[in-house]
Asks: 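Take this structure, written in structure tokens, and hold onto it; I'll ask about it next.
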Amino acid sequence: MDYSFKAIEAKWRKLWQERNTYKVTEDPNKPKFYVLDMFPYPSGAGLHVGHPLGYIASDIYARYKRLKGFNVLHPMGYDSFGLPAEQYAIQTGQHPAITTKENINRYRQQLDLMGFSFDWSREVRTSDPSYYKWTQWIFKQLFNAYYDTSANKARDIKTLVAQFEKEGNLYTTALHDCEQQFDASAWNAFTTRQKEEVLQQYRMAYLAESWVNWCPALGTVLANDEIVNGVSERGGHPVEQKQMMQWSMRIKAYAERLLEGLERIDWTDALKEQQRNWIGKSKGASVHFGVKNSSSQIEVFTTRPDTIFGVSFMVLAPEHPLVNEISSADQATTIQAYQQQAALKTERDRQADVKNITGAFTGAYAIHPFTGEEIPIWIGDYVLASYGTGAVMAVPCGDQRDYDFAKHFGLPIPNIFADQDISESAFAEKEGVIANSDFLNGLDIKSATERVIAEMEKNGIGQGKTNYRLRDAVFSRQRYWGEPFPVYYKDGVPMLVDDTQLPVTLPEVDAYLPTENGEPPLARAPKSAWSCQLGDRMEYNTMPGWAGSSWYFLRYMDPYNDKAFADPEKLAYWKQVDLYIGGSEHATGHLLYARFWTKVLFDLGFISFDEPFSKLINQGMILGKSAIAFIGPDQKMYSSDMLPTNKEGFREVRILVDLLNDDDSIQLDALKTWQPQFTNQEFVSNAQGKVIVKREVDKMSKRWYNVVTPDDLCEKYGADTLRMYEMFLGPLEQSKPWDTKGITGVHSFLKKYWRLFHSKGTFKVLDNEPTPEALKSLHKTIKKLTDDLDRFSFNTGVSSFMICVNELTEQKCNNRLILEQLTILMAPYAPHICEEIWSLIHPEASSIFNESYPIFNPAFLQESTFDYPVSFNGKMRFKLSLDLSLTATEVEAVVLSKPETQKWLEGKSPKKVIVVHGKIVNIVL
RNA sequence: GCGGAUGUGGUGAAAUUGGUAGACACGCCAGACUUAGGAUCUGGUGCCGAGAGGUGUGCGGGUUCGAGUCCCUCCAUCCGCACCA
């Protein structure tokens with residue numbers, strides 16, 4: 001009987017579904033294990049071979065853990081709100097829900113082909129009202145929370161309100177943006193609206209006028225992580241800075257804990273560094289500078305307070321609120337011109353224009369807090385309004401940007417470093433001795449920093465401060481296809497929709513575009529279209545893409561619960577995700593936000609853990625190999641080995657990779673029917689009559705015509721072959737180009753495995769006594785496989801199976817015990833074929849995945865002899881089989897007595913002989 | 001500029017604590033079987049060399065009896081961040 005993978009795979013897909021093989025329920029008698037994939041956004045393009053890479057790895061691991069006796073939660077779902085469906089809706093008028101559903105069906109079909117062990121009964125979709133009901137509910141918890149810096153946790157806003165009623169905000173330890181101070185009687189005298197305006201400055205989810213990244217082409221704001229190189233991540237449209245009233249999340253409150261938590265989780269250093277970098281902690285001091293002839297003060301943040309005596313000017317961001325107030329009359333025009341010019345520049349222009357130094361003098365002077373000297377105040381767009389305080393004390397001798405600014409505008413550059421030459425550039429090293437600095441003279445940087453901060457704190461000039469680059473996350477989007485907020489407005493005051501009225505479902509609209517007044521699409525919905533109609537109006541913004549994905553891993557634990565986002569007992573059973581697999585592109589988006597929400601839910605007592613993903617692996621990207629053909633000036637297509645040296649007038653065209661033969665030659669007839677432009681194409685073929693293309697590695701994408709789909713490969717080789725081949729390609733974390741050629745090796749391996757059980761076309765295993773060789777092959781494989789899986793080395797696992805099958809074939813082994821255990825070992829990698837084999841051995845069994853994993857027995861690997869490699873000066877020359885009972889001294893004696901050794905000694909006597917028992921012999925000449 | 005990762009045959013790669021470099025595959029070469037084969041099987045295959053042998057893990061140094069692995073300098077590629085005070 002041949003290995004008819006198609007029939008086998010179809011059969012088991014059906015039976016697994018019928019038998020609910022992968023359904024899992026909480027079982028207190030078993031240890032749990034939670035294996036999660038980053039759920040996909042179901043795009044219209046479907047899956048290519050790169051997408052399932054991580055799913056295959058997680059599936060293998062989930063099945064392995066299950067065979068090891070764990071109760072494994074391994075769910076899948078869809079991150080189904082998002083821009084592409086909405087853009088498509090704008091173009092076609094088709095409701096995004098319909099497109100999304102179609103795409104999900106297509107994804108599901110493709111995923112099913114691969115034989116994953118997902119418990120589909122737990123599927124979640126973020127765009128499903130029964131799901132986003134709880135996204136809205138969590139938003140409400142965030143709205144009703146503030147951050148208490150003394151307890152270092154989020155708390156119910158009621159606690160804060162009670163405090164305000166008792167003593168105002170004079171002694172509060174809550175984190176806030178509130179500049180107003182009030183006592184209890186003042187608070188109690190506030191109107192509802194005034195109270196809410198104050199509370200907004202404390203809430204974890206808050207409404208505020210803030211600088212946002214506005215993308216005019218998409219008609220919405222974007223979070224920082226949604227912008228790549230100054231343009232939108234989706235679509236690549238330009239982004240500008242704009243002040244708008246927006247919902248935000250006070251993620252800054254968690255900066256330190258997000259940093260600290262990284263110490264406790266098993267993620268790669270690369271990813272942790274990316275998050276650390278994004279959070280951007282820097283220690284320094286906040287210093288207040290008085291302004292001449294003004295009561296205003298300028299607060300600056302500096303990481304180098306030790307250089308305070310080197311300050312020769314100050315620079316404010318053009319948008320700094322004090323600029324207009326302090327500018328002198330004669331400079332006002334210049335300043336305004338500069339401000340306008342800066343405002344016109346997009347973030348991208350500013351970035352592109354780093355070398356171009358610009359700025360303007362305000363005409364005002366600051367007073368140096370220690371020397372009392374007058375310091376000119378400038379504005380310049382190299383100072384960012386959104387970082388620190390939007391103002392810097394410029395120390396040109398110690399900072400290159402300040403140095404360049406000073407040179408450009410002819411400002412003084414006093415040197416405060418002993419023995420440092422600053423005639424060419426600033427001295428920015430973190431080691432040195434301070435000079436010309438009054439009480440800091442002679443101190444090194446570290447002690448000077450401590451000393452000056454102490455002095456500042458004593459005189460009330462400033463204090464030590466830690467600053468973070470992380471900014472609060474903008475949470476509203478002016479889009480249709482997202483979660484509506486559970487918020488309405490009454491007299492301009494935002495109010496929460498009551499839990500009983502959740503979910504606030506997405507209302508139908510007549511178009512998925514902003515209104516004429518520039519309001520978000522939801523403003524188009526008539527009152528009657530809303531699931532609830534409260535106050536003067538509902539909130540028209542929707543939540544960003546990361547809202548639903550920040551907590552979905554919790555919903556899998558209890559996806560149908562309509563009383564809570566998940567049952568506390570189930571949450572307590574499954575806890576964190578033990579293994580999370582997905583791409584590294586989410587480093588500063590999803591992975592940060594999910595950690596943030598988890599910490600808030602933890603603080604508020606809803607869950608018992610404050611990190612969502614205890615181990616995370618980033619799978620590498622599978623790249624495509626594009627096919628490039630050359631069209632000559634004569635419009636003929638040249639085989640790449642027929643190109644003239646002078647390629648002038650030649651152009652390159654990309655050809656669909658499906659049109660290639662294995663030797664990279666084009667199937668010419670297929671090409672002619674592929675696109676009309678090639679219908680009458682003429683060719684310059686090579687000596688073999690072929691037209692060969694050049695292969696180039698690109699991202700796998702439709703636009704490069706280099707997409708390889710899992711469907712085609714499943715059809716041709718079967719899912720088991722594809723699964724194993726994807727693992728065999730190389731280490732999971734590594735990016736690598738896809739090359740279908742090698743797949744035949746894995747496919748013939750599976751056939752070879754199949755043949756172990758079949759002699760002369762019939763299935764046959766024997767109950768004889770296993771041979772020591774077979775036991776050795778098996779147990780070597782058990783050990784290797786377990787080690788490999790424990791370190792997520794899936795590629796070497798596949799090799800081990802090949803070695804084992806090669807050895808057993810060599811030994812003509814068809815012993816039942818050996819082959820059974822091998823089959824269980826292989827089942828996580830190749831579930832269909834192994835399940836089929838298992839059913840042939842055990843017709844009564846419902847699934848191989850109810851068996852238990854083989855146990856390694858070192859006794860079978862014990863050897864009595866060892867082939868010692870004998871090296872001379874570290875270079876291996878020959879091998880010598882010796883009894884392992886020989887001691888090192890005995891080994892040395894035997895080795896030295898051998899004629900082989902004498903030959904390599906060339907009459908010399910060895911200086912030294914090193915014998916490592918059971919490892920190596922090295923003779924030093 | 002800062003941070004991270006990676007450099008090993010024609011190709012994908014392996015070598016887990018310093019101990020036989022290139023496992024396992026693809027490809028290629030030779031052969032067997034075959035009407036045929038994109039089937040199956042056998043043997044070979046880092047490079048130089050007829051051979052003995054030499055040489056070899058991005059470059060250059062170092063530590064060691066012994067280095068792909070540890071240390072230092074440099075180079076290249078990829079990724080992330082970036083006028084962050």
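Computed from heavy atoms alone, side chains included, the values below leave out hydrogens, waters and symmetry copies. Quick note on labels: first sequence line is chain A, next is B, and so on, each numbered from 1.
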Asks: Parallel under 30°, tilted from 30 to 60°, perpendicular over 60°: which one fits the rings of A:Tyr829 and A:Phe801?
Replies: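 Geometry flag for A:Phe801 against A:Tyr829: perpendicular rings.
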Asks: Between B:A5 and B:G19, how many Å separate the two C1' atoms, rounded to a whole number?
Replies: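 Comparing C1' positions in B:A5 and B:G19 gives a spacing of 28 Å.
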Asks: Categorize A:Trp267 for me: base, sugar-phosphate, or nothing, with a 4.0 angstrom heavy-atom threshold over every strand shown.
Replies: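 Nothing: the residue A:Trp267, judged by heavy atoms under 4.0 Å, touches no strand.
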Asks: Could you check which of B:G53, B:C84, B:U40 has an atom nearest any side-chain atom of A:Arg755?
Replies: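 Among B:G53, B:C84, B:U40, the one nearest the side chain of A:Arg755 is B:U40.
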Asks: Contact class for A:Asn806 (heavy atom, under 4.0 Å): base, sugar-phosphate, or nothing?
Replies: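 Contact class for A:Asn806: sugar-phosphate only.
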Asks: When you compare B:A85 with B:U17, how far apart are their C1' atoms, in angstrom units rounded to a whole number?
Replies: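 So the two C1' atoms sit 46 Å from each other.
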Asks: Could you tell me which nucleotide pairs with B:A21 by Watson-Crick or G-U wobble geometry, both distances under 3.5 Å, or answer none if nothing does?
Replies: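 No nucleotide pairs with B:A21.
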Asks: Looking only at the side chains, is there a donor atom on one of A:Tyr338 and A:Thr358 sitting less than 3.5 Å from an acceptor on the other?
Replies: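 Yes, because at least one side-chain N or O of A:Tyr338 sits under 3.5 Å from a partner of the opposite role on A:Thr358.
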Asks: Write down the distance separating the C1' atoms in B:G54 and B:G1, rounded off to the nearest Å.
Replies: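 Here B:G54 and B:G1 have their C1' atoms 46 Å from each other.
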Asks: Classify A:Ser800 by what it touches in the nucleic acid, base, sugar-phosphate, or nothing, heavy-atom distance under 4.0 Å.
Replies: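 Nothing, no heavy atom under 4.0 Å.
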Asks: Take atom NZ in A:Lys741; do more than 12 heavy atoms of anything else shown fall under 6.0 Å from it?
Replies: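 It does: A:Lys741 NZ has more than 12 such atoms within range.
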Asks: Select one nucleotide: of B:G80, B:C84, B:G38, the one nearest the side-chain heavy atoms of A:Arg471.
Replies: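 Nearest to the side-chain atoms of A:Arg471, counting from C-beta on, is B:C84.
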Asks: Is atom NZ of A:Lys783 surrounded by more than 12 heavy atoms (other residues, nucleotides or ligands) closer than 6.0 Å?
Replies: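 Not more than 12 within 6.0 Å, no.
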Asks: Going by the angle between their ring planes, with limits at 30° and 60°, are A:Phe794 and A:Tyr61 parallel, tilted or perpendicular?
Replies: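 Judged by the thresholds at 30° and 60°, the geometry between A:Phe794 and A:Tyr61 is perpendicular.
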Asks: Of all the nucleotides listed (B:A85, B:G54, B:C41), which has the minimum atom distance to the side chain of A:Arg877?
Replies: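 Closest nucleotide to the A:Arg877 side chain: B:G54.
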Asks: Write down the distance separating the P atoms in B:A14 and B:A25, rounded off to the nearest Å.
Replies: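 Comparing P positions in B:A14 and B:A25 gives a spacing of 15 Å.
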Asks: Ring pair (Phe, Tyr, Trp, His ring centres under 6.0 Å), that's the test. Do A:Trp738 and A:Tyr725 meet it? Break it down for me.
Replies: CA-CA 11 Å; A:Trp738 178 266; A:Tyr725 182 56; 5.4 Å; yes
Asks: Going 5' to 3' along nucleotides 5-21 of chain B, which nucleotides have protein heavy atoms under 4.0 Å from the base (write B), which only from the sugar-phosphate (write S), and which from neither (write -)?
Replies: -------BSSSB--BB-
Asks: When both hydrogen-bonding distances must be under 3.5 Å and the geometry is Watson-Crick or G-U wobble, what is B:C2 paired with, if anything?
Replies: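 B:G80 is the nucleotide pairing with B:C2.
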Asks: Does A:Lys903 make a side-chain N or O approach to OP1 or OP2 of B:G53 shorter than 4.0 Å?
Replies: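 Result: yes.
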Asks: Taking OP1 and OP2 of B:A85, is either one under 4.0 Å from a side-chain nitrogen or oxygen of A:Arg469?
Replies: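 The answer is no; no side-chain N or O of A:Arg469 sits under 4.0 Å from OP1 or OP2.
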Asks: Just checking, A:Arg595 and A:Trp267: is the charged tip under 6.0 Å from the six-membered ring centre and within 45° of the axis?
Replies: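 Flagged: A:Arg595 positioned over aromatic ring of A:Trp267.
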Asks: With no angle test and no hydrogens, is the base of B:C65 tied to the side chain of A:Asn873 by a donor-acceptor pair under 3.5 Å?
Replies: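 For A:Asn873, whose side chain was compared with the base of B:C65, there is no donor-acceptor pair (under 3.5 Å).
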Asks: Which nucleotide in the set B:C81, B:A85, B:C26 lies at the smallest distance from any side-chain heavy atom of A:Lys741?
Replies: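 Within the option list, the nearest is B:C26.
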Asks: Tell which nucleotide pairs with B:U40, taking only Watson-Crick or G-U wobble pairs whose two distances are both under 3.5 angstrom.
Replies: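 Its partner is B:A32.
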Asks: Starting the side chain at C-beta, find the nucleotide from B:C83, B:C81, B:U40 nearest to A:Trp278.
Replies: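 Shortest atom-to-atom distance from the side chain points to B:C81.
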